[in-house]
Amino acid sequence: MSTIPFFDFHCDSLTKGGYKKLIKNDTMHWSLPRFIQGGGQLQVHAIFTPPEYKKGDATMFAMKYASEWQKFLEETNTTGVRSKEDLDEEGPFSILSLEDASPLAGNIEALNMFFDLGVRLITLVWSCDNEVGRGVIHGQGPAITKFGKNLIRKMNEKNVIVDLSHASDELFWEAVKTSSKPVVASHSNSRKFRNHPRNLTDDQIKEISNCDGIIGLVYVPNFVGDPPKGTQDEWDFELKGGAEMLAKHAAHIAEISKVETVVLGSDFDGTNSPVIAEVSKTQIMAEELKKVGFSDNDIEKIFYKNAKKFLLKNLP
Ligand SMILES: [Zn+2]
């Protein structure tokens, strides 16, 4: 099979390594040369703000990495995508996202500021509660706050993409009710194949698909398959046959919704041992998708056509 270009909807490499390591490194899952070597065209680079940063500290943390992203663009030939038109430029492309809306510190005006810094997608929460609502693992607070609803409406107005990976089920359903635009799950698999709260139920998959949103296949072993007997739930090591299992998640999502819903959302550098070892190996996923019955055309859709179509419709 020839190299298929790909778009990847989530990685943590920016906050893991800073801009210098994005340009060149041998220690992380993602670097620009290996991304290009593997067929990469567009990467969503998340600013993951750890939960110990609150309010102003979270804002400062995210601003620091927005400036690192800017330096990355300036020192490489990467096009930072802020509008549909930017996708007409030469690649490679990068989109800046916030993983956890905590840097907004509950202030709707902060959305304008982060928009101006380039942010075009926001993962509303991470695993804890924040100003928006209830996170998936440790969340206990209200499903969605008044600020959360206002934020979603304002994001819709400005065409900032609403990402529901990491949302608790309670927040998920409130958010889709509130959003007038398609929502995404940038890095989540199927809960039917791996019963983990970070994965999506069949109803959630159908809801995202019905509103023409997209779901990124995530390479975190814990969201791909059941942990081997005797290990903890939080196990994390390279899963034997993990890419093969992940292709089955893709087949299930496509079967109960449509192939147009499925994209890639690796979470490189957000986990220790992704089922695809690093970004230059992404084509392995194409082989596995073929084995579970996807046509060449479907694989192209999953690798880049679905993501591109979504962005051309939903970016400012
Ligand atoms: Zn994540």
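Order of listing sets the numbers, starting from 1, for every ligand and every atom in it. Since we're looking at a predicted model, the values are computed, not measured.
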The Zn ion (ligand 1) contact by E99, N, O or S atom under 2.8 Å: yes
H10 backbone or side-chain N/O/S under 2.8 Å from the Zn ion (ligand 1): no
L73 to T79 - nearest heavy-atom pair and separation: CD2-C, 4.3 Å
Passing candidate, side-chain hydrogen bond (donor to acceptor under 3.5 Å, both in side chains) with D100, options T123, N130, T49: N130
NE2 (H166) to the Zn ion (ligand 1) to NE2 (H187) angle, given to the nearest 10 degrees: 100°
Lys/Arg N to Asp/Glu carboxylate O, E174 vs K177, below 4.0 Å: yes
Electrostatic pair D202:R191 at N-O distance under 4.0 angstrom: no
